[in-house]
Amino acid sequence: MRILLTAIGSFSADCVVRVLKSQGHYVVGCDIYPAEWHAVSKDLDKVFRAPFATHEEEYISFLQQVCNQEQISHLNPLTDLEIDVINRHRTTFEAMGVVLCMQSAACLATARDKYALTALFANDARINVPYSVRSEELTDDFPVPAVAKPVDGRSSEGLMRNVGKQELARLIGRPNYIVQQQLDGTIFTVDFVRDRFGNTFSVPREELLRTKNGAGTTVRVVPDKQLLTATAYIGEKLGVVGCVNMEFIHHNDAYYLID
């Protein structure tokens, strides 16, 4: 296969490149920073410097050009931002015959919308979620302290913790935010893989040290049966095919899905 990887400076890039190259694929990479800034560049067949994904039209045009020039068969984005942008242009790449190595549009519509995800499991006895409301429907009697974050947020951007009454008042009617009951506890994340036949594999880990963007730098892998069962069920409900990351908080002896 001829594969284009985006964001080769991301945490997962080194592992992805090593595995794909060991399988004999032609792998091209791109990133907003120069190739010489990334050690992984030396293992790629070619590296391109990409425009910012936030410059949507320019970014999509760039990907199209690389796909045509390198005869790319599979496009594999490695960050949420790029997935969101590419998802809005799925038909463009499908018309080119390029396979998008990311979740389906239906899965992303829920998985990348924090309120939709919470609403899906709000009345499900098998999965716990924090009490949540959209900021457009928020009232001043919401229990504090609370947590607030953009509905389509990523990497803790825009995240607000310990929201009190004054901050709550400023959030009322603000578009595109979700306000949630703040739960105290330990963060657990799960790398989860599911194939189209429903077979699953999960690696749950307790987050011991995290960056401000929510990336675990020191973790403890825990083969917790509750998390294994919960993630398999969530993956089925969302229709996951491929790899995703799920985040939970362990509060009062129960796991709550938070992302």
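Just so it is clear, the model here is predicted, and its values are computed rather than measured.
The structure places CD of Glu137 at 11.5 Å from OG of Ser132, a figure rounded to the nearest 0.5 Å. Going from atom CG of Leu81 over to atom CD1 of Ile86 covers 9.5 Å, rounded to the nearest 0.5 Å. Rounded to the nearest 0.5 Å, atoms CE (Met246) and CZ (Phe192) are 4.5 Å apart. Here CG of Leu4 is found 12.0 Å from NZ of Lys46. Values are rounded to the nearest 0.5 Å. In this structure, CG on Asn128 lies 11.5 Å from CZ on Phe121, to the nearest 0.5 angstrom. Within the model, atoms CD of Glu157 and CG of Asp152 stand 9.5 Å from one another, a figure rounded to the nearest 0.5 Å.
Note: the hydrophobic cluster containing Val240 also contains Val129 (ILVMFWY, side chain heavy atoms under 4.5 Å, direct or indirect links). If you chain together hydrophobic residues whose side chains sit under 4.5 Å apart, Met160 and Leu168 fall into the same group. Hydrophobic clustering of Ile, Leu, Val, Met, Phe, Trp and Tyr side chains at less than 4.5 Å, counting indirect connections, keeps Val193 apart from Tyr233. Linking ILVMFWY side-chain heavy atoms closer than 4.5 Å, directly or via other members, places Leu238 and Ile83 in two distinct hydrophobic clusters. Under the 4.5 Å side-chain heavy-atom criterion for grouping Ile, Leu, Val, Met, Phe, Trp and Tyr, Ile258 is not connected to Ile234 through any hydrophobic cluster.
For CG of Asp253, the number of neighbouring non-hydrogen atoms (other residues, nucleotides, ligands) closer than 6.0 Å is 12 at most. Shown here is Gln166, whose CD atom has no more than 12 heavy atoms of other residues, nucleotides or ligands within 6.0 Å. Heavy-atom neighbours of Asn199 CG from other residues, nucleotides or ligands within 6.0 Å: above the threshold of 12.
Side-chain atoms of Met102 and Leu75, non-hydrogen and from C-beta on, never get closer than 4.5 Å to each other. Residues Val28 and Arg2 have side chains not in contact (no heavy-atom distance under 4.5 Å, counting atoms from C-beta outward). Put simply, the side chain of Thr186 does not reach to within 4.5 Å of the side chain of Glu207, judged on heavy atoms. Side-chain contact check for Asp224 versus Tyr255: some heavy-atom pair is nearer than 4.5 Å. No side-chain heavy atom of Lys237 sits under 4.5 Å from any side-chain heavy atom of Arg126. Two residues are said to be in side-chain contact when any heavy atoms from C-beta on lie closer than 4.5 Å; Arg18 and Cys15 meet this criterion. Looking at Ile172 and Asp140, their side chains come closer than 4.5 Å, going by heavy atoms from C-beta outward.
In terms of heavy-atom proximity, Ser41 sits nearest to Ala35 at OG-O, 2.7 Å. For the residue pair Cys107 and Gly239, the shortest heavy atom distance occurs at CB-O, 4.4 Å. Counting all heavy atoms, side chain and backbone alike, Arg194 lies closest to Thr200 at CG-CG2, 3.8 Å. Here the closest non-hydrogen pair linking His250 and Phe188 is CB-CE1, 3.6 Å. What you find for Ile127 and Leu257 is that their closest heavy atoms are CG2-CB, 4.1 Å. Summarising the geometry of Ala7 relative to Glu82, their closest heavy-atom pair is CB-OE1, 3.2 Å, with the distance given to 0.1 Å.
Note: Tyr131 and Phe142 have parallel aromatic rings, judged against thresholds of 30 and 60 degrees for the angle between ring planes.
Other members of the hydrophobic cluster containing Ile8, listed by chain and number, are Met1, Ile3, Leu5, Val16, Val17, Leu20, Val27, Val40, Leu44, Val47, Leu78; membership follows side-chain contacts under 4.5 Å among ILVMFWY residues, whether direct or relayed. The hydrophobic cluster containing Val147 also includes Leu159, under a criterion of side-chain heavy atoms closer than 4.5 Å among ILVMFWY residues, counted directly or through chains of members. Chaining together hydrophobic side chains whose heavy atoms lie under 4.5 Å apart places Val221 alongside Phe201, Val203.
For residues 39-70, the set of pairs meeting the ring-ring contact (aromatic ring centres under 6.0 Å, His included) definition, not counting sequence neighbours, comprises Phe52-His55.
For Asp80 (side chain) and Arg154 (main-chain N/O), no donor-acceptor pair under 3.5 Å exists by modelled atom type. Checked by atom type and distance alone, the side chain of Glu136 pairs as donor or acceptor with a backbone atom of Asn176 at under 3.5 Å. Between the side chain of Thr110 and the backbone N or O of Leu117 there is no donor-acceptor pair closer than 3.5 Å. At distances below 3.5 Å, at least one donor-acceptor pair connects side-chain atoms of Ser22 with backbone N or O atoms of Val19. No donor-acceptor pair under 3.5 Å is formed between the side chain of Arg220 and the backbone N or O of Leu208. Looking only at distances, no side-chain donor or acceptor of Gln181 sits under 3.5 Å from a matching main-chain atom of Pro130. Formation of a donor-acceptor pair under 3.5 Å by the Arg49 side chain with backbone atoms of Ile32 is found in this model.
With sequence neighbours left out, Leu228 forms a side chain to side chain contact (heavy atoms under 4.5 Å, CB included) with Ser202, Pro204.
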Does the side chain to side chain contact (heavy atoms under 4.5 Å, CB included) test come out yes or no for Ser104 and Val241, once each step is laid out?
CA-CA 8 Å; Ser104 68; Val241 177; over 6 Å; no

Please step through side chain to side chain donor-acceptor pair (under 3.5 Å) for the pair Arg205 and Thr189, ending with a clear verdict.
CA-CA 6 Å; Arg205 60 183 187 265; Thr189 59; 3.1 Å; yes

What side-chain donor-acceptor pairs closer than 3.5 Å can you find for residues 90-101, not counting sequence neighbours?
residue, atom, partner, partner atom, Å
Arg90, NH1, Asn87, OD1, 2.8
Arg90, NH1, Gln103, O, 3.0
Arg90, NH2, Gln103, O, 3.3

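With respect to the salt-bridge test (charged N to carboxylate O, under 4.0 angstrom), the residues Lys114 and Asp259 qualify. Between Asp84 and Arg88 there is no salt bridge, since none of the side-chain N atoms of the basic residue sits less than 4.0 Å from a carboxylate O of the acidic one.
In summary, the side chains of Glu56 and His89 do present a donor paired with an acceptor at a separation below 3.5 Å, with no hydrogens or angles considered.
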